[in-house]
Amino acid sequence: MRLSQFHLRTYKETPADAEVISHQLMLRSGMVRRLASGLYTWMPMGLRSLRKVEAIVREEMNRAGSVEVLMPSVQPAELWQESGRWNKFGPELLRLQDRHQRDYCIGPTHEEVITDIVRNELQSYKQLPASFYQIQTKFRDERRPRFGVMRSREFIMKDAYSFHMTDASLETTYQAMHDAYCRIFDRLGLRYRAVLADSGSIGGSASMEFHVLADSGEDAIAYCPDSSYAANIERAETLPQGAPAAPQEALRQVDTPGVRTIAALVEAHSLPIEKTVKTLMVKAAEGHETPIVALMVRGDHELNEVKAEKLDIVAAPLEMADEATIRRLVGAGPGSLGPINLPISLVVDYAVAAMSDFGAGANIDDQHFFGINWGRDLPLPQSADLRNVQPGDPSPDGAGTLEMLRGIEVGHIFQLGRIYAEALSCALLDENGKPTVLTMGCYGIGIGRIVAAAIEQNNDSRGITWPESIAPFSAVICPINRLKSETVAEAAEALYQQLLDAGVDVLLDDRPVRPGVMFADMELIGIPHRIVLSERGLAAGTVEYRHRSDEQSQDISLAEAVARVGGSHEA
RNA sequence: CGGGGCGUGGCGCAGCCUGGUAGCGCACCACAAUGGGGUUGUGGGGGUCGAGUGUUCGAAUCACUCCGUCCCGACCA
C-alpha cells in the first residue's frame, strides 16, 4: 500500500477523554473514531489489525472443525420469549419495533438463533456433533461503556456454538475449543492465561475464560505459582478453616458511639481487623420467611457477589437491603449489626466460622459486642465460601498459596448444557429412536477487544509495538528526500515492488513530509520493520533497517534487509 | 441508577470568578526558505462558545431546565 493512497490521520496530542493507554494510542494513531458513547468506527489502519485478528481466529476455528455462518444482528422477540430471556434480560438488551410494531432486539449473543437454526436444519443424530461460528457485530447496552473498544456497546465478536447428543461429546468439543483458543492466542503473540470461570446464572457446568494479562485489566485472576490452578476471582474458592480457637475473653457489650465502619471500630477500640466482622444484609430469595437475610465476612475480607447469589436463601441477582427494612426487622442500622440477637437467617463465611474472641455490632445502635465466641455465646450458623480470595490464601488444589494478576477477558468457553435446547425444543432421535434434547456448548472471542488488549500489552513512549501477527502492516519503506532525489525515489519504488512480490504486507511512505514526521507516525502506528532509504546510504550500498523494538538502526545491504523483512513475515 | 467534572473551529486548551466586539498552540490553505527525528517565516480560511429559557442596555461569562461526554460509585455496614 502506498500511504499517499491510503488514509491516515495521526494526532500529536492525547485526546482528553481517553483513560487507558490502548484507547489513547488507538485514537492518536487514527485506528478508531468515536461516533457516540460506546460506538466506534474502525478507520483503515485499525481495520487492518482487526482483520488480521479475525483471519487468525477464522483459520483456527476452521481447523477445529467449526463451520462459519452469519446470522442477523436483529432478532425477533418471539425467539427470545421462547427461551425466556426476553423478560430475564435487563436493559442491556436493546429492544426495538419495526413499522408493524413488532418487537425485535439487537442481538447481544446468538444462542436463540443458532438453536432455532439447528432444530430446523439438522435432521439426524448422525450429523452430530455439529459446531457453527460467526464473526459478527453484537450490541449490548452497557451501563457504562468505557476504555474505547475495550468495553463498547457495539462490538465485534466471534461466537461459536456446538450441539451434541451426549455430555461426553460436548466435553470433547469443549476441550478441542480450549486447544483452538490456546493456538489462537499463541499465534496472536499475546501473554495470556486460561482461568476457571463462574458459569453464571444460566447454569451449565464447565467454563473457562481466556485473559490477556495487563495491569489495567478489569478482572482479577487468582493463580497458584506451584500448580496449574488459575481462576477468576469470581470463582476462585476458599477452603473451610477448621475449628475456632478456644475462648480467651469474656463476652461484653460496649458503647461504641458513632462507630459505623470497620475502620472506625479498629481505630477507636484498637481491635485487630481480623477480629472484626462485616454483617451484610441482602434481599432474601423469593419465599423465604423474612425479606432479607444476613451474610457475614471477616472485616478485612470482601464479600463475593457471585458466591453469595448461589446460596438458596439469597435473591439472585444479589441486592443489598435498604436501611428502612433493616431497621424494621433488626432494630438497628447498618454499622451496628452483628450475629447476637439477630432475628433473621445468617450465613457466615468459612473464615468467620473459624474466628474466636471477635467483635461485631450488637444490633442496637452505637453498641457492639466484643469477645464473641461461637458455641459459647451463640450457636455456629451455617457457613459457606462467601468471600473473595486474597493473595496468600491456600490454593484450593492444596499445592501452595495463591497470587493475583489483572487480566482482560478476551475469550470464554462454556458448557451450556440443555437449557436452550430444552426451551426451544431442539431435539433429535437417538440411535434407539428415542427423542433426545441436544446439549450445547458456546465459545466467544472479543475480536475488537483483542486489538485493544494487544496494545495494552505492547506499547512504549513512542506508540504501539505490535506483535508481528496483527500489526496493520508488516514493514514500511521510508524514502528520505524522495522528491529531490531520483536515486532514492527509484530505489524506494523498486524495493516496494520487490517486497510486494515477495508477499510482504508493506507500506510505502510516499507522503511529501519530512523524515521526522514519517518516523514519528510510523513508530506511533507501530509497524514492526522499517527500512530507510537515503542518497547517502544508497551511495554506500546500504539501507537502514530498524525493528520497532530495536534501540538502534543498522546499516545493512538491501538484500539482507529484504531477507529480514521477508523472513519475519513468514515467521 | 447515584455522585462529580467537562462541553469554546478537526485536536489540545485559555477566556467565565469580576457580563462589554471570541483568543492561543497544533492541524488546514498559499507563498518562500529548509530538507535525516513531529522545520522556519510571511499571509490566509474556518467557531450558532452543547441546546433552550430567563436576568440584563448588553451573556461564552450570571440563573434555571434539558442534552451530550468523561471519571468515580453502584457489597465492603
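Just so it is clear: chains get the letters A, B, ... in the order the sequence lines come, proteins before strands, and each one is counted from 1.
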NA contact type, [X], heavy-atom cut-off 4.0 Å: base, sugar-phosphate, or nothing?
{"X": "R546(A)", "value": "base"}
{"X": "E523(A)", "value": "base"}
{"X": "I262(A)", "value": "sugar-phosphate"}
{"X": "P515(A)", "value": "sugar-phosphate"}
{"X": "M281(A)", "value": "base"}
{"X": "R511(A)", "value": "nothing"}
{"X": "E323(A)", "value": "nothing"}
{"X": "R143(A)", "value": "base"}
{"X": "Y11(A)", "value": "sugar-phosphate"}
{"X": "L337(A)", "value": "nothing"}
{"X": "R28(A)", "value": "base"}

If you measure from the [atom1] atom in [N] to the same atom in [M], how many Å do you get, rounded?
{"N": "rC66(B)", "M": "rC24(B)", "atom1": "C1'", "answer": "32 Å"}
{"N": "rA22(B)", "M": "rC16(B)", "atom1": "P", "answer": "15 Å"}
{"N": "rC49(B)", "M": "rU21(B)", "atom1": "C1'", "answer": "15 Å"}
{"N": "rG4(B)", "M": "rG43(B)", "atom1": "C1'", "answer": "46 Å"}
{"N": "rG45(B)", "M": "rG38(B)", "atom1": "P", "answer": "30 Å"}

(message) Regarding rG38(B), can its base be found pairing with the side chain of D521(A) as donor and acceptor, where the two atoms are less than 3.5 Å apart?
(response)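 Looking at the base of rG38(B), it does pair with a donor or acceptor on the side chain of D521(A) (distance under 3.5 Å).
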(request) For the pair Q457(A) (side chain) and L213(A) (backbone), establish whether a donor and an acceptor sit closer than 3.5 Å, ignoring hydrogens and angles. (result)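 Present.
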(message) Using modelled atom types and a 3.5 Å cut-off, is there a donor and acceptor pairing between side-chain atoms of R153(A) and backbone atoms of S37(A)?
(response)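 The answer is yes, because a donor-acceptor pair under 3.5 Å joins these two groups.
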Mind listing the side-chain donor-acceptor pairs of residues 272-281 of chain A below 3.5 Å, one per line with the distance, residues two or more places apart or on another chain?
residue: K275(A); atom: NZ; partner: S356(A); partner atom: O; Å: 2.9
residue: T276(A); atom: OG1; partner: I273(A); partner atom: O; Å: 2.7
residue: K278(A); atom: NZ; partner: H301(A); partner atom: O; Å: 2.8
residue: T279(A); atom: OG1; partner: L337(A); partner atom: O; Å: 3.4

(request) Report yes or no: is the cationic atom of R140(A) (NZ for Lys, CZ for Arg) closer than 6.0 Å to the six-membered ring centre of F155(A), at no more than 45° off its axis? (result)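 No, cation not above the ring by the 6.0 Å, 45° rule.
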(message) Please report whether the ring centroid of F473(A) lies less than 6.0 Å from that of W466(A).
(response)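 That pair fails the under 6.0 Å test.
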Let me have the donor-acceptor pairs involving side chains of residues 215-223 of chain A, under 3.5 Å, with sequence neighbours excluded, atom names and distances please.
residue: S216(A); atom: OG; partner: E456(A); partner atom: OE2; Å: 2.9
residue: E218(A); atom: OE1; partner: R151(A); partner atom: NE; Å: 2.9
residue: E218(A); atom: OE1; partner: R151(A); partner atom: NH2; Å: 3.0
residue: Y223(A); atom: OH; partner: E403(A); partner atom: OE1; Å: 3.2

(message) According to salt bridge (charged side-chain N to carboxylate O under 4.0 Å, His left out), who are the partners of D550(A), at least two apart in sequence or on a separate chain?
(response)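 D550(A): no salt bridge (charged side-chain N to carboxylate O under 4.0 Å, His left out) contacts found.
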(message) Base contacts versus sugar-phosphate-only contacts with protein, heavy atoms under 4.0 Å: please encode nucleotides 24-33 of chain B as B, S and - from 5' to 3'.
(response) -BSS------
(message) So if I define the base as every atom that isn't primed, P, OP1 or OP2, how would nucleotides 40-52 of chain B read as a B/S/- string at a heavy-atom cutoff under 4.0 Å?
(response) -------------
(request) Name all residues meeting the ring-ring contact (aromatic ring centres under 6.0 Å, His included) criterion together with W42(A); count only those two or more places apart in sequence or in a different chain, and write none if there are none. (result)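 Result, ring-ring contact (aromatic ring centres under 6.0 Å, His included) vs W42(A): none returned.
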